[in-house]
Amino acid sequence: MHASHRSYQPITPANNKLLKKRWDQKRFCTHRMKVQNASPVIDNKPPRTYMHLHLKLKKLQVEEERLATVERDNRILLEKIGYIMRTGGRVDNINNYSQKSLNKTKRQREILRITHENHAILKRISSKEPHYNHLQWEEEWKLNQIYKDNISKYIVPEKDAKRWKGPGGHMEAAKNNNV
């Protein structure tokens, strides 16, 4: 027999070190067995698979019915083509019908009416004298340019003044008119 129980130092006080060591070892073995046999708290297993979700029988049935319909239609077409090939296929495809529009005359009358209205509007616009005097506008613009030059803090150099355009689109210098 070993005397290792004499070197054993229990954590809790005990009268008999040999018995205390056996009890501690038994408690430790029980603890290890419980740890090994413990079931996890979190369920990390994959979800159950249900065959009716993966194997869709109704979809397969519909697909088979569609394929059967296509096969039947193909067989019927093949029989018709075979009949045409055997008999020569007497098909009358002559079409002597010329297309006639039922509202052609109405459209032509409408286009003619719109054309007359457009000519009348053009005649009224071209016969009307302008309401605004563009020459007066140009003179006022030149006068405003002179006022602007008089109140400007910095003088515009002559080469830049020649690049300015007036309201009529003509190239002119802002300082041409000395009023």
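Classification of Arg107 and Glu110 as a salt-bridged pair fails, no side-chain N sitting under 4.0 Å from a carboxylate O. A salt bridge links Asp24 and Arg27; the closest N-O separation between the charged side-chain nitrogens and carboxylate oxygens is under 4.0 Å.
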Could you check Arg48 against Tyr50 for side-chain contact (heavy atoms from CB on, under 4.5 Å), going step by step and ending with a plain yes or no? CA-CA 6 Å; Arg48 292 182 58 190; Tyr50 300 101; 4.2 Å; yes
Under the side-chain contact (heavy atoms from CB on, under 4.5 Å) criterion, do Ile146 and Asn150 qualify, and how do the steps go? CA-CA 6 Å; Ile146 293 169; Asn150 288 341; 3.9 Å; yes
Determine, step by step, whether Arg113 and Glu117 satisfy the salt bridge (Lys or Arg N to Asp or Glu O under 4.0 Å) criterion, reporting the C-alpha distance in whole Å, the side-chain angles of both residues, the deciding distance to 0.1 Å, and the verdict. CA-CA 6 Å; Arg113 182 186 65 79; Glu117 286 179 6; 2.5 Å; yes
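For Arg32, the CZ atom is loosely surrounded, since the number of other residues' heavy atoms within 6.0 Å does not exceed 12.
A distance of 10.5 Å separates CG of Leu77 from CZ of Arg72, quoted to the nearest 0.5 Å. The distance from the CD1 atom of Ile81 to the CD1 atom of Ile76 is 12.5 Å, given to the nearest 0.5 Å. Separating the NZ atom in Lys59 from the CG atom in Leu57 is a distance of 12.0 Å, to the nearest 0.5 Å. Once rounded to the nearest 0.5 Å, the distance linking CG of Leu122 with OG of Ser127 reads 9.5 Å. Of the inter-residue distances, the one linking His31 atom NE2 with Gln36 atom CD reads 10.5 Å to the nearest 0.5 angstrom. For the atom pair NZ (Lys21) and CZ (Phe28), the distance works out to 13.5 Å, reported to the nearest 0.5 Å.
Of all heavy-atom pairs between Leu53 and Lys56, the closest is O-NZ, 3.1 Å. Pairing each heavy atom of Leu18 with each of Asn16, the nearest pair is N-OD1, 3.1 Å.
Residues Arg66 and Glu63 have side chains in contact (heavy-atom distance under 4.5 Å, counting atoms from C-beta outward). The shortest side-chain heavy-atom distance between Glu139 and Lys142 falls under the 4.5 Å cut-off.
In this structure Tyr83 satisfies the side chain to side chain contact (heavy atoms under 4.5 Å, CB included) test together with Arg86, Thr87, sequence neighbours excluded.
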